[in-house]
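One-based numbering, in listed order, for ligands and for the atoms of each.
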Amino acid sequence: MIKITLPDGSIKEYAQKSTPLDVAKSISEGLARNIVSAKFNENTVETTTPLTHDGSLVLYTWNDDEGKKAFWHSSAHILAQAILHFYPDAKLTIGPAIENGFYYDVDFGDESISENDFKKIEDQMLEFARQKFEFTMREVSKKDALDYYKKQHNEFKVELIENLTDGDITFCDHADFTDLCRGGHIPNTGFIKAIKIMSVAGAYWRGDEKNKQLTRVYGISFPKQKDLTAYLELLEEAKKRDHRKLGKELELFTFSQKVGQGLPLWLPKGAALRSRLEDFLKKAQQKAGYEMVITPHIGQKELYVTSGHYAKYGADSFQPIHTPKDDEEFLLKPMNCPHHCEIYNDRPYSYKELPKRFAEFGTVYRYEQSGELHGLTRVRGFTQDDAHIFCMQEQLDQEFKNVIDLSLYVLGSLGFENFTAQVSVRDLENPDKYIGDVKNWEKAEQAIINAANDKGLDYKIVTGEAAFYGPKLDFMVKDALGRNWQLGTIQVDYNLPERFDLTYKGSDNQLHRPVMIHRAPFGSMERFIALLLEHTGGNFPLWLTPEQAIILPISEKFEIYTKKVLNLMENYEIRALVDERNEKTGRKIRDAEVRKIPYMIIIGENEENEGVISVRRHGGEDLGKMTIEDFSVIVKKEIENTLQQFKV
Ligand SMILES: [Zn+2]
Ligand SMILES: [Zn+2]
C-alpha cells in the first residue's frame with residue numbers, strides 16, 4: 001500500500017500502482033469523469049501514471065490552470081497529427097500550451113497554409129478527437145529517439161534531442177502519431193469537443209532571426225461547444241472595448257509619429273477627464289493627510305547613482321542628457337522617489353511630525369522597445385499618482401491600513417468590485433538577498449498581513465516575491481471581461497532612507513531612520529484610464545464622463561430655448577453640449593449613443609411651451625418630461641450613489 005496526501009491534508013492508503021484516476025474514483029465518480037491532469041510531488045504526471053510510492057497528489061479539472069494546460073498541450077498533439085495528415089512532408093518543431101490555447105511551430109517546406117485551410121484542419125482534429133485515442137508515454141533511448149527523427153529528416157527534433165540526457169527522453173503516442181514530449185496529457189482525445197484554429201504567423205526557430213522561419217499555427221480548444229462560443233464572443237467584446245479604439249472614438253487621446261512613439265497626447269476631453277480623476281484623488285489624499293509636491297522631469301545623474309536606479313536600470317534607460325557647457329549630465333526622471341527623498345531632506349524632522357506624506361502626479365520616462373509599446377498600457381512617458389510616506393517603524397501598521405483604505409475607496413468609486421491582493425514576502429532560505437534589519441522585516445511583513453486581514457482583503461502570500469528593499473502588497477483587479485490587471489502597489493522600503501541618509505529626531509533626542517512607503521492607487525494615469533475604458537466599454541461613471549448630457553433640439557426653431565436650457569445646465573454644474581447639426585432627431589440620438597453620453601435632452605415645441613425637457617438615458621430608457629431642476633436632482637443623486645466622500 002502507498003500513502004497519498006491530498007490538498008486538504010487528508011492521507012489515504014491505496015494499492016501499489018494506483019493511478020491519479022483511481023484516486024479520483026475513490027473520491028467521486030464525478031471527479032473521475034472530469035479530471036484531466038495531476039501533479040504528484042510537484043511533478044506533472046498523466047492521469048494514468050501508476051503511483052509507486054508515498055507522496056502528495058493534486059488532481060486537476062478543466063477549471064484549474066493546470067487542467068487547461070494539459071488540455072491545450074494535448075490539443076497541440078492533435079493539431080500536429082492533423083497537419084501531418086494533410087501535409088505529410090511538414091516538419092514539426094515545438095508545440096506548447098499558452099495562456100489562451102496552444103500553438104505548433106511547423107516547417108511546411110515548399111507548402112504554405114492560410115486561413116482557407118483552417119476549417120479542414122479543425123474538422124480533421126475533431127474527427128481525431130471523437131475517436132477517443134489514449135495518450136501513452138514511453139521512454140526511449142537517445143539513440144532510438146535520434147534515429148526516429150533522422151529517418152524523417154526532421155533536423156529540428158534532432159537538435160532538441162541532442163540537448164537532452166539519455167534516460168530522460170520520452171515519446172508520447174496517440175493513434176498512429178508520435179511526438180517527443182515530457183508528458184502532462186488529458187486521459188484521451190475524446191475530452192476535446194470544440195476546436196478553433198485562430199491564426200498563423202511567422203516564427204523563427206528558437207526565436208532567433210538568424211534561424212529558419214517557421215509557421216506558427218495558433219489554436220484553442222474546449223471541453224464544450226458553448227465554451228468556445230463564449231470565448232469567441234469575449235474576444236469580439238474585447239475588440240469593441242479596446243482602449244485604443246475607444247480612445248479615438250471618444251476623442252480622449254492620440255499618438256503622433258512626429259512627437260514620438262509611446263508618448264501619448266491627451267486631447268481636450270481626455271485631459272479634462274484625467275484632471276477630474278486627479279482632483280478626485282487629490283481631495284481624498286488631502287483628507288488622508290497628504291501634502292502635494294512638484295518635482296522636475298529631469299534630475300542629475302548623480303541623484304540616480306545615489307538611489308541605485310542608475311546601476312540597476314541605467315543601461316536600459318533613456319541615455320543621459322548633456323549640457324552644452326559645464327559637462328553636466330541629467331537623466332529623464334524614471335521614478336519620483338529620489339526627488340521626494342530630497343524634499344524630505346530639506347529640513348530636520350522630529351518624531352512628532354511623522355508620518356510625512358508627499359504626493360505628486362509625477363511624470364516619469366522609461367525606455368520601452370518599440371515592439372513592446374501598446375496604446376496607453378505600455379508607453380515611454382507616463383504619470384504616476386505617486387506618494388511617499390516617511391514614518392517610524394511603529395507607525396507602519398497604521399499607515400498601511402490607511403493606504404489600503406484609500407486604495408479601496410479609489411477602486412470602489414470607479415466601479416471595480418472584483419479584486420484580490422498579493423502580499424510579497426521574503427524567501428527565508430535566501431536571507432542575504434535582502435537589505436535591512438531582520439526584525440524590521442518581520443514587523444513590516446506582519447504589518448502588511450495584519451492590515452490585509454483587518455481590511456478583509458482577499459489576498460494570497462507569495463514567498464520570495466518581495467523586492468530586495470522591502471515587502472509589498474499589489475492589487476489585482478478583474479475587469480468586466482474577467483481579465484486580470486495588476487494595479488497599484490504599496491511597497492515598504494528600507495533602502496532609500498539609507499541611501500539618502502534620511503533621519504528624524506526621536507523622543508530620545510537621537511537621530512533615527514524613518515521607513516518609507518511607496519504607493520500609487522492608480523499606478524499610472526495612462527494605464528488606469530486604459531483599464532477604465534476597457535472595463536466600462538467607455539461608459540464612464542457620471543461624475544467622470546467627459547459630457548454628462550447632450551441637448552438635441554428637433555429643429556433650428558428652438559435655438560433660443562436650447563441656449564436657455566444649456567445655460568441652466570451650466571448653472572447646475574452639469575456638463576452639457578448641444579448637437580446643432582441639421583440632422584433628424586433619430587440620427588442625433590444614434591450618434592449620442594455611439595458617443596456614450598449618459599443623458600440625451602430632447603427639445604421641441606411642447607417642451608418649449610411647457611418650459612420643460614424630455615430626458616432619455618443612454619441605452620434607451622425614456623424618463624419623460626421634467627423641469628431642468630428635477631433633472632439636476634437625478635444627476636446629483638446618480639453621482640452621489642457612485643462617488644461617496646472619502647472618510648478618514
Ligand atoms: Zn505531450
Ligand atoms: Zn517611489
Side-chain angles (χ1 to χ4, degrees), residues 36-37 44-49 66 69-81 92-98 102-104 133-140 145 157 160 169-175 177-189 191-192 221 290 293 295 299 303-304 306-309 312-313 333-344 356-364 366 382-391 403 467 469-470 472 474 488-497 499-500 502 514-524:
V36 289
S37 170
T44 299
V45 290
E46 306 291 300
T47 55
T48 51
T49 303
E66 286 294 325
K69 199 173 149 193
F71 202 89
W72 287 331
H73 166 82
S74 309
S75 303
H77 282 294
I78 306 173
L79 169 62
Q81 184 191 13
L92 302 172
T93 69
I94 57 160
I98 51 178
F102 53 90
Y103 67 76
Y104 218 113
F133 295 123
E134 281 177 13
F135 292 98
T136 41
M137 298 293 297
R138 69 183 147 101
E139 278 178 33
V140 280
K157 295 280 190 195
L160 292 175
I169 301 171
T170 44
F171 277 1
C172 172
D173 303 306
H174 79 273
F177 178 81
T178 296
D179 206 345
L180 173 70
C181 176
R182 277 201 208 95
H185 305 94
I186 56 179
N188 68 65
T189 62
F191 280 68
I192 299 166
S221 58
Y290 289 76
V293 295
T295 66
L303 177 70
Y304 306 105
T306 304
S307 71
H309 291 118
K312 203 149 190 233
Y313 305 108
K333 176 167 72 175
M335 296 211 162
N336 301 303
C337 352
H339 294 248
H340 290 188
C341 286
E342 283 304 285
I343 286 181
Y344 183 90
K356 283 310 275 184
R357 308 177 188 94
F358 297 135
E360 175 178 20
F361 287 92
T363 305
V364 296
R366 295 179 193 169
F382 56 94
T383 303
Q384 294 178 309
D385 57 325
D386 214 355
H388 296 95
I389 300 168
F390 302 88
C391 66
V403 177
Y469 52 86
K472 64 171 178 169
D474 292 296
T489 296
I490 316 174
Q491 168 91 55
V492 178
D493 188 346
Y494 291 109
N495 181 39
L496 287 186
R499 285 178 168 265
F500 282 90
L502 308 183
V515 192
M516 202 171 157
I517 301 174
H518 311 250
R519 47 106 280 188
F522 292 139
S524 106

Check: H518: which N/O/S atom is nearest the Zn ion (ligand 2)?
Finding: ND1
Next item on the list: Keeping the roles fixed (side chain from W72, backbone from S221), state whether a donor-acceptor pair exists under 3.5 Å.
Entry: yes
Next item on the list: For the Zn ion (ligand 2), decide whether H340 has an N, O or S atom at a distance under 2.8 Å.
Entry: no
Checklist line | Exercise: do T93 and K157 side chains pair donor with acceptor under 3.5 Å | finding: no
Next item on the list: Hey, could you give me the SG/CD distance between C337 and E360, rounded to the nearest 0.5 Å?
Entry: 10.5 Å
Check: How wide is the angle at the Zn ion (ligand 1) between NE2 of H185 and NE2 of H73, to the nearest 10°?
Finding: 100°
Item checked: H77 N/O/S atom closer than 2.8 Å to the Zn ion (ligand 1) -> yes
Item checked: Residues E134 and H174: side-chain donor-acceptor under 3.5 angstrom -> no
